[in-house]
Amino acid sequence: MKAIYPGSFDPITYGHIDIIERASKIFDELVIVIMHNDEKKGFFSMEERIDMVRKCIENYDNVTVEIGYGLTVDYAKKIGATVLVRGIRAVSDYEYEMQLATANMTLAEDVHTIFLLSKPEYSFLSSSTAKSIAKNKGDLKAFVPDYVAEKLKEKFQ
Ligand code: ADP
């Protein structure tokens with residue numbers, strides 16, 4: 001079974017990587033899709049984000065990364081994925097994720113959203129947190145892999 005894991009990944013964190021690792025064991029194929037969003041100007045460019053994700057998934061042979069356009073469910077259908085993976089950190093994620101999943105269910109009944117709960121040690125972790133820590137020159141080691149930490153530091157220099 002083929003699944004997609006869509007998101008902004010701006011940048012990828014250990015929280016995302018944990019979801020990727022677990023989803024890669026559940027599904028035959030996992031495609032991380034960095035969704036293009038015209039309304040949200042990212043911190044990193046799409047090329048920078050895809051480069052960082054690639055570095056982090058080098059050791060998973062059933063995981064790939066692509067840039068996606070348009071509606072996530074249309075993209076899933078286009079590449080033949082029937083499952084859409086999302087991560088939930090805390091109750092605060094639930095409402096937004098439920099809205100998205102319900103809209104997607106209405107748009108495409110053959111694409112099923114599956115949620116994986118964040119590990120407790122990553123339930124506080126978001127791309128925004130990593131960016132704030134980098135901006136204030138904090139230690140990023142518990143939040144993102146070294147490669148991503150370097151890219152964050154370069155951006156704030
Ligand atoms: P989006 O902008 O679509 O929310 P993100 O890149 O922020 O994209 O997140 C992609 C998915 O990964 C979302 O389902 C989000 O809840 C989940 N996620 C983000 N950080 C974590 C984390 N620390 N633990 C588990 N899931 C996470």
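Excluded from the calculations below are hydrogen atoms, water molecules and symmetry mates; all remaining heavy atoms, backbone and side chain alike, are included. Order of listing sets the numbers, starting from 1, for every ligand and every atom in it.
In plain terms, the two heavy atoms of R89 and Y122 that are nearest each other are CG-O, 4.2 Å.
Here I79 is tied into one hydrophobic group with I4, V31, V33, M35, L71, V73, Y75, L84, L107, V111, each link being a pair of ILVMFWY side chains closer than 4.5 Å.
Using a 30° and 60° split on the angle between ring planes, F124 and F143 fall in the perpendicular class, above 60°.
Residue I19 places a heavy atom less than 4.0 Å from ligand 1. Within the structure, ligand 1 lacks K119 among the residues with a heavy atom less than 4.0 angstrom away.
The protein heavy atom nearest to atom 1 (P) of ligand 1 is S8 OG, 3.6 Å.
The residue among R49, H16, R86 with a heavy atom at the shortest distance from atom 7 (O) of ligand 1 is H16.
Residue contacts with ligand 1, taken as heavy atom pairs separated by less than 4.0 Å, do not involve Y14 at all.
Residues passing the salt bridge (Lys or Arg N to Asp or Glu O under 4.0 Å) test with K78: none are found, sequence neighbours excluded.
Any N or O atom pair closer than 3.5 Å counts here, and D10 shares no such pair with ligand 1. Polar contact with ligand 1: absent for S126 (N/O pair, distance under 3.5 Å). Not a single N or O atom of T13, backbone or side chain, sits closer than 3.5 Å to an N or O atom of ligand 1. Looking at P6 next to ligand 1, no N or O pair under 3.5 Å apart turns up. Of the polar atoms of Y5, at least one N or O is found under 3.5 Å from an N or O of ligand 1, judged by distance alone.
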Item to check | Residue pair S126, T129: steps toward the side-chain hydrogen bond (donor to acceptor under 3.5 Å, both in side chains) verdict | outcome: CA-CA 5 Å; S126 66; T129 313; 2.7 Å; yes

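Note that the OH atom of Y5 and the CG atom of L30 stand 9.0 Å from one another [nearest 0.5 Å].
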